[in-house]
Amino acid sequence: MSIRTRFAPSPTGSMHIGSLRTAAYAYALAKHSGGQFLLRIEDTDQKREVKGATQKIYDVLQKFDLGWDEKPVVQSQRLKIYQDAAQRLIQSGHAVSDQGAIRLKIPPRETISFHDFVLDHDVSWKSDDIPPAVLLKSDGFPTYHLAMPVDDHDMGITHVIRTVEWLPSTPIHILVFKYLNYELPQIGHPSAILDPAGGKLSKRKGNVSVEQFLARGYLPEALLNFVILLGWAPKDNRELFTLEQFVSTFDIKGFQKSNPIFNTQKLDWFNGHYIRQKSDTELTHLVKPYVKNKLSSTQITQVIPLIKDRLIKLSDFDQLTQFFVSRPAIPPNASVSPTHLKFAIVNIDAILNNEIVDKIKSQGWKVGDFFMSLRIAVCGSKFTPPITETMLVLGKEESLKRLNSAIGKLKID
RNA sequence: GGCCCCGUCGUCUAGUGGUCCAGGACAUCUGGUUCUCAUCCAGAAAAUCGAGGGUUCAAAUCCCUCCGGGGUCACCA
């Protein structure tokens, strides 16, 4: 029998980075063995539902190539099914009406346990510790505790992957599966991502939405690679994974049981790495939505090779190329030699043709010193891409203007 | 507080009784390449394996207690 997993988000806003990770795990578990990865929209709380959120879920999954099989199941379209299930539970004596809602009846003095395939051991509870959870709300909508067993059964889910915060309510679900005469699927609880400040990573504490990371210039492949390694690792210490590679090496034995802290330093490294993997053409295309300064399309194309090794996020583009659009101010106390600049003006063609080094040396100057003078005069910064190449992109005319302007300013000072 | 989960370098982790005085990656530091920065390459520092007891010839690996972290106790998921 093939493995069937599902990703079951609630459409309550933009997708959480942790949800992306859970989706990737569920996807990999299914696809590793050629199974199916299904999608379910858990929209049973009318108050929390956000319009457009469902579409966002589809968009994000597609952006990360986490394609799902079959038609997504939408819980709000299955109300009758849940209501019938609740009635059956009442009839079999396992649920009771309570002020318009229907609650699960908890059997006394029983031990409820299951084998968690992520934790890799049994977890058990005394039934007396379990609360009589509401299964069907008075508005006729099911709670998660009813909808999850019913849907996972109907969808033929074989393996449920959800983060540890669900572990405490698992005995409720086990009971519902049992009383509905449904076979219990395999259930596994990967760790929950923790906030660096403590507690679980939440929207209130910072940037946790996938959209925001994308908007800040992180590549999907970098985000995915980063996130799958928060709580999962292969036995051979590999770090770089495409989705396909992740799927093929995925193994439930790779789950780490402790909760990882969401430290994004490594994400930056992944992002820089994947940016450098791109061709100049691809990168030019990718960076365009982030270009807010006034560089023309041609200029962007010319500049990309110069800044490729310096980009950490796509959104760094403007900052790294600022001196292309605005004439820089010469920083005070900058060590710029007017003699260097005059020499550069006279020899501008040699500079642009990359034939200047010997001439610098024959002047008895250090090559580095000379270029630093140019760098500061032309870009107003001590840190830039190679200055000759930068001037080439700037053009002869603009380069001369800046050199002359710098000389003028230096004289005034 | 009750119940439940977890505890290896700052961070993500490898490790399932001996080959571990614990390996990799990020971050950090140093050196090399380079016209600066960055990239790239090389190297260093960094974990008494949460603590204390056991079991064993032998424990990061098994057991117990404690401590610490996290989750959950909604007609939210």
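Every chain is numbered from 1 and lettered A, B, ... according to where its sequence line falls, protein lines coming before strand lines.
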J.: Just N and O in the side chain of A/H121: are any of them under 4.0 Å from OP1 or OP2 of B/rC6?
T.: yes
J.: Under 3.5 Å for both donor-acceptor distances, Watson-Crick or wobble: does B/rA22 have a partner, and if so which one?
T.: none
J.: What does A/K308 touch in the nucleic acid at a heavy-atom separation under 4.0 angstrom: a base, only the sugar-phosphate, or nothing?
T.: nothing
J.: So for atom NZ, which belongs to A/K278, do other residues, nucleotides or ligands contribute more than 12 heavy atoms lying within a distance under 6.0 Å?
T.: yes
J.: So what does A/P11 hit on the nucleic acid, given a heavy-atom distance under 4.0 Å: a base, only sugar-phosphate, or nothing?
T.: nothing
J.: Applying a 4.0 Å non-hydrogen cut-off, can you work out what A/P131 is touching in the nucleic acid: base, sugar-phosphate, or nothing?
T.: nothing
J.: Students often get this wrong, so: under 4.0 angstrom with heavy atoms, is A/R276 touching a base, only sugar-phosphate, or nothing?
T.: sugar-phosphate
J.: Please give, in whole Å, the distance from B/rC76 C1' to A/D139 CG?
T.: 12 Å
J.: Between B/rC5, B/rG69, B/rA77, spot the one nearest the side chain of A/T44, thanks.
T.: B/rA77
J.: Mind checking the C1' distance from B/rU33 to B/rA42? Whole angstroms is fine.
T.: 11 Å
J.: Would you say the ring centers of A/F226 and A/Y218 fall short of 6.0 Å from each other?
T.: no
J.: For the P atoms, the ones on B/rC6 and on B/rU13, what distance do you get once it is rounded to whole angstrom?
T.: 15 Å
J.: Distance between the P atoms of B/rG7 and B/rC49, in whole angstroms?
T.: 15 Å
J.: Whole Å only: how far is the CZ atom of A/F323 from the C1' atom of B/rC37?
T.: 10 Å
J.: Check every atom of B/rA38, B/rC3, B/rU13 against the side chain of A/W125 and return the nucleotide holding the closest atom.
T.: B/rC3
J.: Using a heavy-atom cut-off of under 4.0 Å over every strand shown, decide if A/T388 touches base, sugar-phosphate, or nothing.
T.: base
J.: Taking the six-membered ring for Trp, are A/Y179 and A/H94 parallel (under 30°), tilted (30 to 60°) or perpendicular (over 60°)?
T.: parallel
J.: Should the heavy atoms of other residues, nucleotides or ligands under 6.0 Å from NZ of A/K359 be counted, would the total exceed 12?
T.: no
J.: What is the nucleic acid contact for A/I387, judged by heavy atoms within less than 4.0 Å: base, sugar-phosphate only, or nothing?
T.: base
J.: When you compare B/rA27 with B/rC63, how far apart are their P atoms, in angstrom units rounded to a whole number?
T.: 37 Å
J.: In terms of side-chain heavy atoms of A/S10, which of B/rC5, B/rA77, B/rC12 is nearest?
T.: B/rA77
J.: For a quick check of understanding: with a heavy-atom distance under 4.0 Å over all strands, which category does A/E239 fall into, base, sugar-phosphate or nothing?
T.: base
J.: Quick one: label A/S258 by what it contacts on the DNA or RNA (base, sugar-phosphate, nothing), any heavy atom closer than 4.0 Å.
T.: sugar-phosphate
J.: Could you state the atom-to-atom distance from CD of A/Q256 to P of B/rG7 in whole Å?
T.: 7 Å
J.: C1' atom, B/rU11 versus B/rG69: distance in rounded Å?
T.: 15 Å
J.: Could you give the CD1-to-C1' distance, from A/I193 to B/rC6, as a whole number of Å?
T.: 16 Å
J.: Just how far, in rounded Å, is P of B/rU36 from CZ of A/F371?
T.: 10 Å
J.: Assign A/D309 to base, sugar-phosphate, or nothing according to its heavy-atom contacts below 4.0 angstrom with the strands shown.
T.: base
J.: What's the gap between B/rU28 and B/rA46 when it is taken at their C1' atoms, as a whole Å value?
T.: 9 Å
J.: So that I know where these two stand, are A/Y25 and A/F37 an aromatic pair - ring centroids less than 6.0 Å apart?
T.: no
J.: Within the 4.0 Å heavy-atom criterion, would you say A/K382 contacts the bases, only the backbone, or no part of the nucleic acid?
T.: base
J.: Considering every strand and a 4.0 Å limit on heavy-atom distances, what is the contact class for A/G272: base, sugar-phosphate, or nothing?
T.: nothing
J.: Look at all strands and tell whether A/P385 reaches a base, only sugar-phosphate, or nothing, counting heavy atoms closer than 4.0 Å.
T.: base
J.: Is the distance between the ring centroids of A/H121 and A/H115 under 6.0 Å?
T.: no
J.: Heavy atoms under 4.0 Å, any strand shown: does A/H273 hit a base, just sugar-phosphate, or nothing?
T.: nothing
J.: Would you kindly give the CG-to-P distance between A/D120 and B/rC6, to the nearest whole Å?
T.: 10 Å
J.: Identify whether any heavy atom of A/A192 sits under 4.0 Å from a base atom; if not, whether one sits that close to sugar-phosphate; answer base, sugar-phosphate or nothing.
T.: nothing
J.: B/rU36 P sits how many Å from A/F370 CZ, rounded?
T.: 15 Å
J.: Does some side-chain heavy atom of A/D318 sit less than 4.5 Å from a side-chain heavy atom of A/V291?
T.: yes
J.: Rounded to whole angstrom, note down the C1' distance from B/rC40 over to B/rU48.
T.: 37 Å
J.: Begin with the C-alpha distance, continue with both residues' side-chain angles, and end with the deciding distance and a verdict on salt bridge (charged side-chain N to carboxylate O under 4.0 Å, His left out) for A/D120 and A/K253.
T.: CA-CA 8 Å; A/D120 196 30; A/K253 293 221 176 353; 5.5 Å; no
J.: Look at the side chain of A/R103 and decide which nucleotide, out of B/rC75, B/rA25, B/rC12, has an atom nearest to it.
T.: B/rC75
J.: Please determine, for the side chain of A/L119, which listed nucleotide (B/rU16, B/rA14, B/rC5) has the closest atom?
T.: B/rC5
J.: Identify the nucleotide, in any strand shown, that forms a Watson-Crick or G-U wobble pair with B/rU33, with both distances under 3.5 Å; if there is none, say none.
T.: none
J.: Whole angstroms only, please: what is the NZ-C1' distance between A/K200 and B/rU72?
T.: 9 Å
J.: If you measure from the P atom in B/rC21 to the same atom in B/rU16, how many Å do you get, rounded?
T.: 14 Å
